[in-house]
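Some notes on the structure that comes next.
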Amino acid sequence: MFKATGHHNAYFPLFIPMSFLAKEAEHVEGFAKEVAVVTHTRLKATGKSGSGAVAPDPASALEEPLIIRPTSETIIYAMFAKWIQSYRDLPLLLNQWANVVRWEMRTRLFLRTTEFLWQEGHTAHATDADAEREARMILGLYRKFAEEWMAMPVLTGVKTDSEKFAGALRTYAFEALMQDNKALQAGTSHHLGQNFSKAFEVKYQTAAGGLDFVWNTSWGVSTRLIGGLIMTHSDDNGLIAPPQLAPVQVAIVPIWKSDEEKTQVSGVGSQVKDELARAGIRVELDLRESMKPGAKYFDWEAKGVPLRLEIGPRDIAAGQATAARRTGGKAPMKLDGIAAAARIALSEIQEALLATARERRERHSIRGATKAQFLEFMTGGGGFAYGGFCGRATCEAEIKEATAATIRVLPDAEFRSPEPPATCMWCGAKSVAEAVWAQAY
RNA sequence: CGGGGUGUGGCGCAGCCCGGUAGCGCGCCUGGUUUGGGACCAGGAGGCCGCGGGUUCAAAUCCCGCCGCCCCGACCA
């Protein structure tokens with residue numbers, strides 16, 4: 001799905017000369033407070049004991065410190081400047097899988113870790129419109145992945161200036177609502193305009209013979225999505241993995257008392273396993289001894305396996321397995337043609353997860369609320385609140401101060417309310433756009 | 001960086017006030033009996049009680065210092 005878009009994988013250095021970051025004014029400001037800096041190239045024994053036994057060797061201080069990439073725009077566009085000569089070199093479409101470091105004051109497992117893994121796409125285009133199309137196309141792709149693979153419904157839209165990426169012209173984002181009614185920014189796609197190309201002198205010769213700066217985009221999703229997946233679907237019994245992404249889609253639990261039964265159910269279980277595997281289903285047969293079937297059920301449930309097939313002597317006698325869905329419910333499944341039946345069940349579970357998550361989100365969304373209703377909503381559990389926005393940063397700041405809610409996105413047309421709001425939900429002035437507020441991670 | 005809490009077998013915790021043999025549950029190992037929704041019995045392994053110093057005949061326990069982690073605030077994908 002991602003590879004079909006014509007981007008090529010590439011890799012750029014983890015260490016970036018500090019001066020690179022300084023070239024784009026907004027970008028520096030945005031990241032200055034969270035960048036890890038490498039100042040020395042080696043340690044030296046101090047003669048002390050314990051953790052103080054080594055210290056940076058003063059003699060090895062770098063003339064220019066290196067920073068550890070918080071994102072790679074600067075180093076990649078420094079290279080783009082060398083690689084791009086002509087409009088024939090455009091568009092240049094790269095993607096890199098990398099770790100990045102952002103030294104946050106407070107971390108949160110999966111959602112905000114000091115180091116995280118992500119993919120970051122970086123593209124250069126000849127025109128504003130081409131870059132816009134790219135940023136939009138990627139946003140659509142992310143949405144498709146979130147909904148079709150993760151079964152995580154999302155809102156797409158554009159960020160306000162206060163929430164946009166440092167150095168971007170515009171930031172598009174997709175946002176999901178977690179089960180605690182807090183929003184999660186699941187990924188972003190930036191139209192960078194010519195901000196970086198001007199800073200790094202990424203110029204190209206046009207067909208007409210002139211020189212122009214390229215138009216860039218960058219976009220990424222990270223290991224944060226794993227947190228989103230967990231927080232979207234899990235319940236009190238543990239993880240629920242959507243079938244499309246589940247490492248194990250089907251767990252087969254054989255049930256036996258005597259040795260003869262064990263031989264029989266293991267044999268049938270093994271056949272079922274092979275049949276499912278041949279059909280491309282990721283399946284495991286749980287032959288662990290000394291663990292009772294009930295314990296195995298709980299074990300696989302906690303791991304989020306979407307479908308469990310129980311096979312005991314009574315099932316075999318009836319020519320069936322007992323299929324238990326992680327989303328609830330047990331029903332017999334005929335052994336004859338079981339791969340096809342399992343496939344259908346998995347796809348139904350996938351759909352059910354998306355539908356459940358979407359219903360939950362809508363149940364915790366309000367539209368066209370008055371200021372008083374908005375305040376009550378945000379203090380009483382929260383969720384997505386749609387309303388008119390005057391466009392003023394002061395209103396945004398006041399709302400954040402009062403409720404901790406921020407504008408997650410100015411939603412795309414398909415998510416907007418049928419009646420466009422006329423006035424700002426907060427100050428009552430003329431509305432310039434509909435906004436979606438929520439308390440966020 | 002401020003305020004609060006907490007560090008004790010792999011995990012979760014009790015013990016600390018009032019100093020005196022390091023304990024419980026889960027997990028792990030061995031044997032046996034079990035096995036259609038978290039099995040039971042018996043035996044066993046595993047701990048510089050966060051680190052450093054002090055008080056004391058004696059410190060998990062009291063005192064001082066440091067470090068880690070968690071929660072709350074400012075910052076953020």
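Chain identifiers are assigned alphabetically (A, B, ...) following the order of the sequence lines, protein sequences preceding nucleic acid strands; residue numbering begins at 1 within each chain.
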Base partner of B:G10, which must satisfy Watson-Crick or wobble distances under 3.5 Å: B:C26
In whole angstrom, what separates A:Q439's CD from B:G73's C1'? 16 Å
For A:T113, answer base if it contacts any base atom (sugar-phosphate contacts may also be present), sugar-phosphate if it contacts only those atoms, and nothing otherwise; contact means non-hydrogen atoms under 4.0 Å. base
Among B:C75, B:G36, B:G37, which is the nearest nucleotide to the side chain of A:K330? B:G37
With both distances under 3.5 angstrom, what nucleotide forms a Watson-Crick or G-U wobble pair with B:C40? B:G32
With both distances under 3.5 angstrom, what nucleotide forms a Watson-Crick or G-U wobble pair with B:C69? B:G5
Under 5.5 Å between ring centres and under 30° between planes: true for A:Y297 and the base of B:G37? no
Can you tell me, in whole Å, how much space there is between the P of B:C51 and that of B:G9? 10 Å
P atom, B:G3 versus B:G27: distance in rounded Å? 42 Å
Pick the C1' atom in B:C24 and in B:A60, then give their distance to the nearest Å. 16 Å
Considering every strand and a 4.0 Å limit on heavy-atom distances, what is the contact class for A:E301: base, sugar-phosphate, or nothing? base
Between the side chains of A:N99 and A:R69, does any donor sit under 3.5 Å from an acceptor? yes
Using atom C1' in both nucleotides, what's the gap between B:G32 and B:C70 to the nearest angstrom? 44 Å
Could you check whether A:T114 and A:E104, counting side-chain N and O atoms only, form a donor-acceptor pair closer than 3.5 Å? no
A:E310 CD - B:G37 P separation (whole Å): 8 Å
Scan A:T322 against the nucleic acid and name what it touches under 4.0 Å (heavy atoms): base, sugar-phosphate only, or nothing. base
Distance check, C1' atoms only: B:G46 and B:C62, in whole angstrom units. 30 Å
Test A:F384 against A:W437 for ring pair (Phe, Tyr, Trp, His ring centres under 6.0 Å), laying out the working first. CA-CA 6 Å; A:F384 282 141; A:W437 279 271; over 10 Å; no
Does the ring pair (Phe, Tyr, Trp, His ring centres under 6.0 Å) test come out yes or no for A:F80 and A:H122, once each step is laid out? CA-CA 10 Å; A:F80 277 15; A:H122 292 275; 7.4 Å; no
Which residue in the set A:F12, A:F196, A:F200 passes ring-ring contact (aromatic ring centres under 6.0 Å, His included) when paired with A:Y77? A:F196
If only side-chain N and O atoms of A:K292 are considered, is one of them under 4.0 Å from the OP1 or OP2 phosphate oxygen of B:G36? yes
So what does A:S222 hit on the nucleic acid, given a heavy-atom distance under 4.0 Å: a base, only sugar-phosphate, or nothing? base
Heavy atoms only, 4.0 Å cut-off, all strands: where does A:Y441 land among base, sugar-phosphate and nothing? nothing
If you check the A:A295 side chain, which of B:A39, B:U35, B:C75 turns out closest? B:A39
Watson-Crick or G-U wobble partner of B:U61, both distances under 3.5 Å: none
At less than 3.5 Å, do the side-chain atoms of A:K296 and the base atoms of B:G36 form a donor-acceptor pair? no
Under a 3.5 Å cutoff, is there a donor and acceptor pairing between the side chains of A:E120 and A:W219? no
Separation of B:U34 C1' from A:K262 NZ (nearest whole Å): 13 Å
Gap in Å between the two C1' atoms, one belonging to B:U30 and one to B:C66, rounded: 44 Å
Distance between the P atoms of B:C40 and B:C1, in whole angstroms? 49 Å
Rounded to the nearest angstrom, tell me the gap between atom NZ in A:K33 and atom C1' in B:A74. 9 Å
Write down the distance between CD (A:E289) and C1' (B:C29), rounded to a whole number of angstrom. 17 Å
Applying a 4.0 Å non-hydrogen cut-off, can you work out what A:R288 is touching in the nucleic acid: base, sugar-phosphate, or nothing? nothing
Considering only atom C1', compute the distance from B:C11 to B:C28 and round it to an integer number of Å. 11 Å
Considering Watson-Crick and G-U wobble pairs with both distances under 3.5 Å, what does B:U56 pair with? none
Rounded to the nearest Å, what distance is computed from the CG atom of residue A:L287 to the C1' atom of nucleotide B:U35? 14 Å
Against the side chain of A:R308, the closest entry in B:C75, B:U35, B:G37 is B:G37
Measure from the side chain of A:E104, starting at C-beta and using heavy atoms only, and say which of B:C75, B:G37, B:G36 lies closest. B:C75
Would you classify A:L184 as touching base, sugar-phosphate or nothing, given that sugar-phosphate means primed atoms plus P, OP1 and OP2, and contacts are heavy atoms under 4.0 Å? nothing
Within the 3.5 Å criterion, strictly below it, is a donor on A:H190 or A:T171 matched to an acceptor on the partner's side chain? yes
Rounding to a whole Å, what distance do you find between A:L109:CG and B:C71:P? 10 Å
When you match A:D259 and A:R408 each to their closest nucleotide on RNA chain B, which lands nearer the 5' end? A:D259
Suppose we call a contact any N or O donor and acceptor under 3.5 Å apart; does that hold for the side chain of A:D299 and the base of B:G38? no
Is it true that A:D286 and A:R288 make a salt bridge, defined as a side-chain N closer than 4.0 Å to a carboxylate O? yes
Rounded interatomic separation in angstrom, taking CD from A:E401 and P from B:C75: 10 Å
